[in-house]
2 protein chains.
Amino acid sequence: MDIRSELKAHEIKYTKQREEVLSILKASMLPMTINQLRDQLEVEMDLSTIYRILDVLLEKEIITKTVPLEPSQALYDYKRHIHKHHLICTICGKIQIIEGCPLHDYEHQVEAKTQYIIDRHQLELYGVCPNCQIH
Amino acid sequence: MDIRSELKAHEIKYTKQREEVLSILKASMLPMTINQLRDQLEVEMDLSTIYRILDVLLEKEIITKTVPLEPSQALYDYKRHIHKHHLICTICGKIQIIEGCPLHDYEHQVEAKTQYIIDRHQLELYGVCPNCQIH
DNA sequence: TTAACTGCAAACAATTTGCATTGTT
DNA sequence: AACAATGCAAATTGTTTGCAGTTAA
């Protein structure tokens with residue numbers, strides 16, 4: 001599906017800024033910070049515009065947001081069919097994608113125990129990548 | 001163990017500011033933001049001092065830091081024997097403690113698969129608490 | 001006494017807001 | 001034409017830093 005249709009499918013008004021932000025996120029295999037996103041823009045746009053677009057995409061659950069422990073700048077990620085988490089190297093910052101999620105059953109158990117209705121979670125792992133273990 | 005000894009055991013120089021910050025965190029069953037912490041101080045102290053003290057306590061792994069998705073202000077928590085996570089109500093902000101951790105085996109699997117050495121993780125759940133489901 | 005810690009003020013960074021202008025439907 | 005989105009500038013908020021004065025060991 002092209003970006004234009006994807007926006008329409010979510011009832012988001014088309015603008016070239018929204019198209020560009022979404023297509024950059026969609027093309028990236030790794031989650032991105034606002035600054036990384038801005039650096040990839042072909043047409044410059046104001047940071048406040050980017051923030052507002054990300055808010056819309058989050059609202060519609062087209063992307064996800066994560067706030068890592070360090071550096072604590074938010075990461076935005078296009079939501080694909082495979083739910084995934086990140087393993088972040090605390091030395092070099094490299095992000096390793098971990099496909100799948102270990103929390104399905106756990107969330108149900110917690111719902112049963114607490115009576116909360118759980119609708120999402122934030123999980124990242126932190127450690128040292130193979131490369132940084134050597135150097 | 002009293003706070004003074006606890007600081008000494010971790011080779012942290014005693015100051016009344018450090019004593020107070022640590023004792024407040026230790027007394028709280030819930031994780032706290034910097035502002036909540038400051039509001040409980042009997043002796044006022046500068047915010048930069050609080051940040052620096054928290055850095056020391058984190059360094060020595062006496063406390064943990066979490067950066068929730070919303071509101072994205074860091075939470076600090078005294079580290080007890082029972083590893084735990086938080087379930088945060090996205091309506092009223094109430095934090096429910098979940099004792100235990102579902103990630104032990106998972107971390108080992110991920111280590112085996114990725115060759116990273118994993119040393120910590122961040123996990124919180126988000127949902128709607130029983131009270132907010134009614135109102 | 002010495003090195004480390006604190007307070008203060010200023011800098012910095014990330015994010016949000018108000019408002020006039022522009023663009024989409 | 002009507003309403004919503006963008007750009008710009010300014011305001012907010014959270015956090016960090018430099019430095020002079022104070023304090024713990």
Side-chain angles (χ1 to χ4, degrees), chain A residues 2-25 31-39 41-60 62-77 93, chain B residues 2-25 31-39 41-60 62-77 93:
Chain A
D2 70 332
I3 303 293
R4 206 167 191 122
S5 321
E6 189 163 354
L7 290 172
K8 181 171 278 179
H10 287 279
E11 299 180 310
I12 300 172
K13 186 189 281 190
Y14 172 88
T15 67
K16 65 175 187 304
Q17 291 88 340
R18 287 172 170 178
E19 176 175 47
E20 203 184 354
V21 167
L22 180 52
S23 68
I24 289 173
L25 285 171
M32 308 177 82
T33 62
I34 296 261
N35 293 330
Q36 292 168 336
L37 219 174
R38 189 191 42 191
D39 292 345
L41 293 173
E42 308 210 332
V43 184
E44 273 197 34
M45 76 185 76
D46 196 77
L47 268 177
S48 65
T49 302
I50 306 181
Y51 278 109
R52 286 189 271 227
I53 291 175
L54 292 171
D55 283 344
V56 171
L57 299 178
L58 282 167
E59 185 82 24
K60 300 291 185 176
I62 298 169
I63 62 171
T64 60
K65 176 182 179 179
T66 316
V67 186
L69 288 173
E70 56 186 73
S72 68
Q73 213 189 344
L75 294 171
Y76 299 89
D77 207 2
Chain B
D2 71 331
I3 303 291
R4 206 168 192 120
S5 321
E6 190 163 355
L7 290 172
K8 181 171 280 180
H10 287 279
E11 299 180 308
I12 299 172
K13 186 190 280 191
Y14 172 88
T15 67
K16 64 175 187 306
Q17 290 89 339
R18 288 172 170 180
E19 175 175 48
E20 204 184 353
V21 168
L22 180 52
S23 69
I24 288 172
L25 285 172
M32 308 178 83
T33 63
I34 297 261
N35 293 330
Q36 292 168 336
L37 219 174
R38 190 190 42 191
D39 292 345
L41 292 173
E42 308 211 331
V43 183
E44 272 198 34
M45 76 185 77
D46 195 76
L47 268 177
S48 64
T49 302
I50 306 181
Y51 278 108
R52 286 190 272 229
I53 292 174
L54 291 171
D55 282 344
V56 171
L57 298 178
L58 283 167
E59 185 83 22
K60 300 289 185 177
I62 298 169
I63 62 172
T64 61
K65 177 182 179 178
T66 315
V67 186
L69 289 173
E70 57 185 72
S72 68
Q73 213 188 346
L75 293 171
Y76 299 89
D77 206 2

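Computed over heavy atoms, backbone and side chain alike; hydrogens, waters and symmetry mates excluded. None of these values were measured; they are calculated from a predicted model. Residue numbers begin at 1 in each chain, while the letters A, B, ... track the order of the sequences.
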Whole angstrom value for the distance that separates C1' of C:dA9 from CE of B:Met45: 19 Å
Nearest-angstrom distance from the residue atom CD1 of A:Ile12 to C1' of D:dA4: 13 Å
Options D:dA9, C:dT15, C:dC8, nucleotide nearest the side-chain atoms of A:Asp46: D:dA9
Side-chain N,O (B:Ser48) to OP1/OP2 (C:dG7) below 4.0 Å: no
Nucleotide of C:dT15, D:dG18, C:dA4 approaching A:Ile34 most closely (side-chain heavy atoms): C:dT15
Heavy-atom side-chain proximity of A:Ile34 to A:Leu54 below 4.5 angstrom: yes
Residue mapping more 5' on DNA chain C - nearest nucleotide basis, B:Ser72 or A:Lys16: B:Ser72
Side-chain N,O (A:Thr49) to OP1/OP2 (D:dG7) below 4.0 Å: yes
Atom CD of B:Glu59 with >12 non-hydrogen neighbours under 6.0 angstrom: no
Sugar-phosphate, base or nothing in reach of B:Tyr51, heavy atoms under 4.0 Å: base
Length of the CD-P vector between A:Glu70 and D:dT15, whole Å: 14 Å
Nearest heavy atoms of A:Ala74 and A:Lys65, plus distance in Å: CB-CE, 3.8 Å
Interatomic distance, B:Glu11 CD vs C:dA4 P [rounded to whole Å]: 13 Å
Between C:dT6 (C1') and B:Ile53 (CD1): distance, integer Å: 8 Å
Distance-only polar pair, side chains of B:Asp46 and B:Ser48, donor-acceptor under 3.5 Å: yes
Sugar-phosphate only, base, or nothing, as touched by B:Arg18 at under 4.0 Å among non-hydrogen atoms: sugar-phosphate
Spacing of A:Glu19 atom CD relative to D:dT6 atom P, expressed in whole Å: 12 Å
Minimum-distance nucleotide (side-chain atoms of B:Lys13 versus D:dA25, D:dG7, D:dA5): D:dA25
Atom pair distance, as rounded to whole Å: NZ in B:Lys65 and P in D:dG14: 13 Å
Protein-nucleotide distance (A:Ile50, atom CD1; D:dC8, atom C1'), rounded to Å: 14 Å
Residue A:Glu70 excluded, over 12 heavy atoms near CD under 6.0 Å: yes
side-chain N/O A:Gln17 vs C:dG23 OP1/OP2, d < 4.0 Å: no
Closest nucleotide among C:dC19, C:dT6, C:dA14 to the A:Gln73 side chain: C:dA14
